[in-house]
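Down below is the structure, laid out as structure tokens.
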There are 2 protein chains.
Amino acid sequence: MNPRNTKATIFDVAERAGVSIKTVSRVVNNEPNVRERTRNRVLQSVRELSYQPNAAARELSGKRSRVIGLIYENAQEFGYLNDVFNGALGICEPAGYSLLLRPLTLPDSKITEHIRQFAINARLEGIVLPAPMGDLPEVLALLREMRIPFAAITPREPAPDEINILCNDEAASFSLTELLIGQGHQAIGFIKGHPDHGASAKRFAGYRHALKKNRFAYAAPLVRQGYFDFDSGRIAAGKLLDLAEPPSAILASNDDMAAGAIFEARERGLTIPGDLSVAGFDDTRFSSRIWPPLTTVRQPIIKMAETAAGLLIDKLNGSATKAPEAPFECEVVIRESTAHLT
Amino acid sequence: MNPRNTKATIFDVAERAGVSIKTVSRVVNNEPNVRERTRNRVLQSVRELSYQPNAAARELSGKRSRVIGLIYENAQEFGYLNDVFNGALGICEPAGYSLLLRPLTLPDSKITEHIRQFAINARLEGIVLPAPMGDLPEVLALLREMRIPFAAITPREPAPDEINILCNDEAASFSLTELLIGQGHQAIGFIKGHPDHGASAKRFAGYRHALKKNRFAYAAPLVRQGYFDFDSGRIAAGKLLDLAEPPSAILASNDDMAAGAIFEARERGLTIPGDLSVAGFDDTRFSSRIWPPLTTVRQPIIKMAETAAGLLIDKLNGSATKAPEAPFECEVVIRESTAHLT
DNA sequence: CAGCAAGCTGACAGCGTTGTCAATATTAGC
DNA sequence: GCTAATATTGACAACGCTGTCAGCTTGCTG
């Protein structure tokens with residue numbers, strides 16, 4: 001009943017359909033110049049035999065390896081990567097592509113060499129670059145030089161003919177800031193993200209934009225540099241709370257730093273959100289599990305990864321280039337870590 | 001300076017070394033019957049040309065695909081999987097194997113069909129089964145039937161000739177329970193893990209063992225069923241706290257459930273660890289980031305995954321079977337969510 | 001030093017596809 | 001209805017490697 005442990009070959013299909021293997025190849029690869037009747041006959045046999053082309057033979061014969069690489073930062077928040085993996089895998093498999101992972105530890109002075117080796121050894125046809133990989137100029141330069149198509153997921157100005165997936169970080173940051181303003185907060189601290197990440201600038205821009213629109217003066221001491229990790233959030237929050245006039249709300253550029261801020265506030269005996277409102281960005285796995293649950297911004301990562309992989313595969317398959325996608329919509333998730341100023 | 005975008009073939013190496021391609025093949029595959037001098041000459045050429053065999057040609061010609069699958073539960077705590085991925089990838093790549101990921105959503109009534117298709121399509125030579133995949137009897141049965149070697153990471157009774165990696169869950173659970181007992185807790189609640197996971201039974205056994213050794217009566221109401229997720233931990237903790245004589249400490253079978261327990265306790269106005277000590281299992285990413293930081297147990301997941309992949313590859317390469325590994329050692333990590341009873 | 005086994009090496013045929021190009025079938029044009 | 005042009009099909013050679021097997025070298029035995 002089940003297909004056995006073996007696979008039908010192109011010969012089996014050809015024989016059953018009464019055509020040459022070359023014709024089967026044409027049908028399977030959607031090439032033109034096959035009569036409709038013939039095509040149907042072949043497709044029928046393909047179905048009956050559950051034929052699937054042998055990837056190794058294909059790669060050896062043609063130039064195509066049908067392998068896509070996914071390069072990611074190892075230390076990265078893993079909920080994000082989980083979604084990226086799932087999105088990309090979900091698209092690659094049905095399309096007949098394999099997805100190969102390559103963790104990288106940043107900073108990495110030999111990063112281009114690592115990627116080059118990876119690309120050559122695995123014979124990659126294309127590469128998916130989740131943030132922050134798409135933010136590294138040397139990586140982009142390398143891939144352009146090697147002429148390997150890639151799809152970056154990052155708020156980058158998309159170069160012509162390059163695939164870039166982004167969401168409206170800035171608008172979400174704007175909304176989140178306005179939410180805090182609407183709650184009566186007058187002094188809102190901001191913890192910036194890692195300067196090498198494209199998202200950092202966008203999120204900061206949204207904050208400034210909201211301040212401006214609401215006629216708040218921009219106060220430099222209320223803005224601190226963080227690096228997207230828990231500890232940097234904790235330290236930055238500490239500095240904000242040390243101010244003579246500390247903020248009543250802190251907006252961190254991601255949830256790890258927001259968790260750090262909450263941790264630091266707790267250590268100082270402050271209650272959240274009574275004494276301090278805290279909001280983050282990303283809606284990671286633990287955002288809803290810490291106490292209090294974190295107000296944050298959710299991105300449709302899975303969809304973004306699916307789109308990235310899909311557009312990349314379209315490009316590799318030589319399909320018509322899709323119109324550049326509009327940014328994906330982020331969603332502000334309001335939980336209990338933020339509250340109206342009493 | 002850098003190797004170019006192209007790869008040397010076996011012909012290039014053979015020519016340079018002045019031997020036939022077959023001899024190069026022998027050297028590269030570590031086959032016997034090559035004179036030492038010849039072997040060195042070939043290795044020299046291999047090095048000079050940075051030769052790496054073409055995987056597609058190898059697969060097409062020989063029977064070996066050098067592809068290993070990694071099947072995992074999608075919803076899984078991702079810090080665990082991150083470590084598994086990194087461990088396995090770190091071993092596979094240098095050994096010349098590719099690692100293909102396959103997320104699965106449990107429960108899955110068609111799981112065997114999914115795995116079968118995956119194995120056939122990707123021509124898997126072997127499979128790594130992180131928990132809880134190695135706990136599913138139908139999966140094990142399928143792989144045995146298909147004669148695909150696998151390495152399970154789970155506290156399972158290792159069948160002869162099968163690779164199984166485990167750590168001393170039970171001993172760690174025992175220590176953790178004794179820790180709580182040592183802190184003066186008289187009533188210690190326990191939240192069991194998902195019944196389909198092998199680890200659940202082990203962790204529970206450690207708890208019971210510690211009670212027994214310390215001459216504590218086993219009280220059934222203090223033990224609640226959980227399913228390794230946050231919500232089930234929350235619910236189970238709720239039931240424990242509803243008891244007429246609630247426990248002063250709760251040991252949850254993983255950190256997600258421990259986080260749920262803390263959450264629930266907070267909602268009821270209890271302070272941790274003042275009113276209630278809570279401990280978990282796994283040392284996930286957020287264990288040290290919630291407040292208070294969680295007392296838990298850390299497993300050497302990366303090493304376990306490395307060992308699993310390494311033994312599997314050894315088996316595929318036909319190397320001598322290693323002696324069965326001793327269980328890996330877990331480490332109890334004491335943080336602030338547990339305290340002496342005052 | 002012949003005779004034989006074991007050690008070493010290479011020629012050659014696949015492996016299952018795709019690319020090339022020639023052969024054949026169909027259609028269009030007049 | 002015939003020819004030219006075009007659409008469809010197939011024969012065959014790669015692709016880069018491993019398996020098989022035969023041939024050539026050694027080294028050992030008596």
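Any value given below was found using the heavy atoms of this structure, including those in side chains, with hydrogens, waters and symmetry copies removed. Letters A, B, ... are given to chains in the order of the sequence lines, protein chains preceding strands, and every chain is numbered from 1. Given the structure is predicted, the values throughout are model-derived calculations rather than measurements.
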Terminal axis angle for the helix from C:dC1-D:dG30 to C:dC30-D:dG1, five pairs an end, nearest 10 degrees: 30°
Nearest whole angstrom, please: distance from the [atom2] of [N] to the [atom1] of [X].
X	N	atom1	atom2	value
B:Asp12	D:dC17	CG	C1'	13 Å
A:Glu15	C:dG16	CD	P	14 Å
A:Asn29	C:dT17	CG	C1'	9 Å
A:Arg37	D:dA7	CZ	C1'	15 Å
B:Gln52	D:dC17	CD	C1'	15 Å
A:Glu36	C:dT26	CD	P	16 Å

Distance-only side-chain donor-acceptor flag, B:Gln44 / B:Arg41, under 3.5 Å: no
Touch class at under 4.0 angstrom, heavy-atom based, for A:Asn33 against every strand present: base
With a cut-off of less than 4.0 Å, is there a side-chain N or O of [X] near OP1 or OP2 of [N]?
X	N	answer
B:Asn54	D:dC15	no
B:Ser25	D:dC17	no
B:Ser20	C:dA11	no

Could you please name the option among [options] that lies closest to any side-chain atom of [X]?
X	options	value
B:Thr9	C:dT18, C:dA11, D:dG16	D:dG16
B:Ile21	C:dG16, D:dT9, D:dC17	D:dC17
B:Lys22	D:dT9, C:dG10, D:dG10	C:dG10
A:Ala57	D:dT9, C:dT17, D:dT20	C:dT17

DNA chain C contacts made by residues 40-47 of chain A, counting heavy atoms under 4.0 Å: none
Is there a side-chain contact between [X] and [Y] (heavy atoms, below 4.5 Å)?
X	Y	answer
A:Leu140	A:Phe150	yes
B:Asn317	B:Asn30	no
B:Pro103	B:Thr105	no
B:Ile111	B:Val139	yes
A:Val67	B:Ser98	no
A:Ile91	A:Thr307	no
A:His197	A:Thr154	no

Within residues 58-68 of chain B: residues closer than 4.0 Å to DNA chain D (heavy atoms): B:Arg58, B:Ser61, B:Gly62
Are any protein N/O atoms closer than 3.5 Å to N/O atoms in nucleotides 22-24 of chain C? If there are, list each pair with its distance.
none

Salt bridge (charged side-chain N to carboxylate O under 4.0 Å, His left out): pairs with one or both residues in residues 19-28 of chain A, sequence neighbours excluded: none
Partner residues of B:Glu125 under the side chain to side chain contact (heavy atoms under 4.5 Å, CB included) criterion, sequence neighbours left out: B:Arg64, B:Ser65, B:Arg66, B:Tyr97, B:Leu316
Greater than 12 external heavy atoms within 6.0 Å of A:Arg47's CZ: yes
Residue B:Glu162 excluded, over 12 heavy atoms near CD under 6.0 Å: yes
A:Glu31 vs B:Val19, nearer the 5' end of DNA chain C by closest nucleotide: B:Val19
Geometric class of the A:Phe85/B:Phe85 ring pair [parallel <30°, tilted 30-60°, perpendicular >60°]: tilted
Heavy-atom donor-acceptor pair, B:Thr9 side chain to B:Phe11 backbone, under 3.5 Å: yes
